[in-house]
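Remarks on the structure that follows.
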Amino acid sequence: MNDSMTSSAARSFDADLPEEDTDVAVIGAGPAGAVAAAMLAAAGHRVVVIEAAHFPRFSIGESLLPQCLMDLERAGLADMIKDAGYQMKNGARFVRGEQRVDIDFQDKSSEGTGQAWQVERADFDQRLIKAACARGAEVRFGQRVTAFDSDQHAPALTICDEQGQQWRLKARFVLDASGLAQVLARLEGTLEETHLTQRQALFTHLSLKPDACQTHAFDRTKIQIGLHGRANVWYWVIPFANGRASTGFVGAPDELAHLTGPDTDEAPGFQACFGAFSELDGWLDVENPHRPIASLGGYSRNVTSLAGPGYAILGNAGEFLDPIFSSGVTIAVRSACLATPLVRAQLEGGDADWQGDFERPLRHGIDTFRAFVEAWYDGRLPAIIFHPEPPAYLRRMISAVLAGYAWDDDNPFVRQPRRHLDTLAQLCGHAA
């Protein structure tokens, strides 16, 4: 469907539909939408959240970063996370064959906490949207946005419930936090081709065997990331407090095929990937997954603009990079924290510089993460991480970015990430 057709369809409304009014309409009840709704409702604005799914619902993106906790603190939601009993996380362990490198988030160049949490997203997202409702936001589950009228002062959504009944929600501002559904970008025709290679993930939840930590030296306080020695495929293992672990394998389809062979079905493909990493054997119960093995492909997304007349786009609804550095929830929460003061300013009759105070700073951090994603897949970052004698001050700068502090311009790897990654990788012996 071309842009003109999409825009035309997006503005075709039935004048006889029942209508409601609100200050802010939020599309999506995930982390970005819930945090924005909580902050705006706490400020006294009427907020209605439209969510297509029913909560609790499964999602990946289960390893939080310390920067995310700092932003949740800013939103007044950190205590909700601290009281949930999640598995504490203080870093990442990188594995390549016999090599083991631990990145300690406490030992970083940026200020701020070095601690985060490993969370099952069904519970985490449910807690966040409940917190938003406790502050006065309303949430409508099982409802989908089917059309959008962008207007600087009176944007409106057409919404369809599960019985097929349509209604209109008129707002003074709309926030799209619809994640990979990218509702407004699709309706407005602003989707943009990403320059990242499209990859596929195979994932499930497995039990950690009782002796995993002792016998196999597995550190529950760290996400484990393993890189295959020959195929450009990597895995994650994210331990939860309940004795289970999120486990997934990621690579471009042709790279995964080096491990899976011609059988591309999810279950045998996952099993083949698991068998290709000898360090996983013996401490994860791969025979009895707790969820059906699932596949997600073509997930890298981008849009031409993160704001338009009467609306802004948050988190993954605007851009999603890759799961490698767990940046998704961090970017989502940061986008909500950046957008909320601007929405409040507009609702209160003031001016809002969406380009200068939202899109430009948000994309700056995203671009830092993107540079690290690119460097991971082309080999520069593994050359840095697995170098046997990295200078301590450089290790702390890398640790800060991996901890999510991708907006700290005091860090050279944030100010000019590609330049410094190139230089350091060459010093570590990576051929340009």
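Heavy-atom basis, side chains included; hydrogens, waters and symmetry copies ignored.
We find that E162 and R144 are not joined by a salt bridge, their nearest charged nitrogen and carboxylate oxygen being 4.0 Å or further apart. Salt bridge annotation for R244-E120: absent, with no cationic side-chain nitrogen under 4.0 angstrom from a carboxylate oxygen. Looking at D367 and R363, no side-chain N of the basic residue comes within less than 4.0 Å of a carboxylate O on the acidic one, giving no salt bridge. We find that R140 and E20 are joined by a salt bridge, their nearest charged nitrogen and carboxylate oxygen being less than 4.0 Å apart. Between D285 and K209, none of the side-chain N atoms (NZ, or NE/NH1/NH2) sits under 4.0 Å from a carboxylate O, so this pair counts as no salt bridge. Between D102 and R93, at least one side-chain N (NZ, or NE/NH1/NH2) sits under 4.0 Å from a carboxylate O, which counts as a salt bridge.
With no hydrogens or angles considered, no side-chain donor-acceptor pair links H195 and N302 at under 3.5 Å. For the residue pair D408 and N411, no side-chain donor N or O sits within less than 3.5 Å of a side-chain acceptor on the partner. For Q200 and S295, the side-chain atoms include at least one donor-acceptor pair closer than 3.5 Å.
Judged purely by atom type and a 3.5 angstrom limit, E51 uses its side chain to pair as donor or acceptor with the backbone of A53. Formation of a donor-acceptor pair under 3.5 Å by the D161 side chain with backbone atoms of Q165 is found in this model.
Considering only heavy atoms from C-beta on, L64 stays 4.5 Å or farther from K89 through its side chain. Looking at Q67 and L69, their side chains never come closer than 4.5 Å, going by heavy atoms from C-beta outward. For the pair T368 and F413, the minimum side-chain heavy-atom distance is 4.5 Å or more. With a 4.5 Å cut-off on side-chain heavy atoms, R172 and R46 do not count as touching.
Between F58 and F203, the ring planes are parallel. Angles under 30° get that label, and only those over 60° would be called perpendicular.
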Sequence neighbours left out, cut at 3.5 Å: what donor-acceptor pairs do the side chains of residues 75-86 make with other protein atoms?
residue: Y86; atom: OH; partner: D123; partner atom: OD2; Å: 2.5
residue: Y86; atom: OH; partner: F124; partner atom: N; Å: 3.3

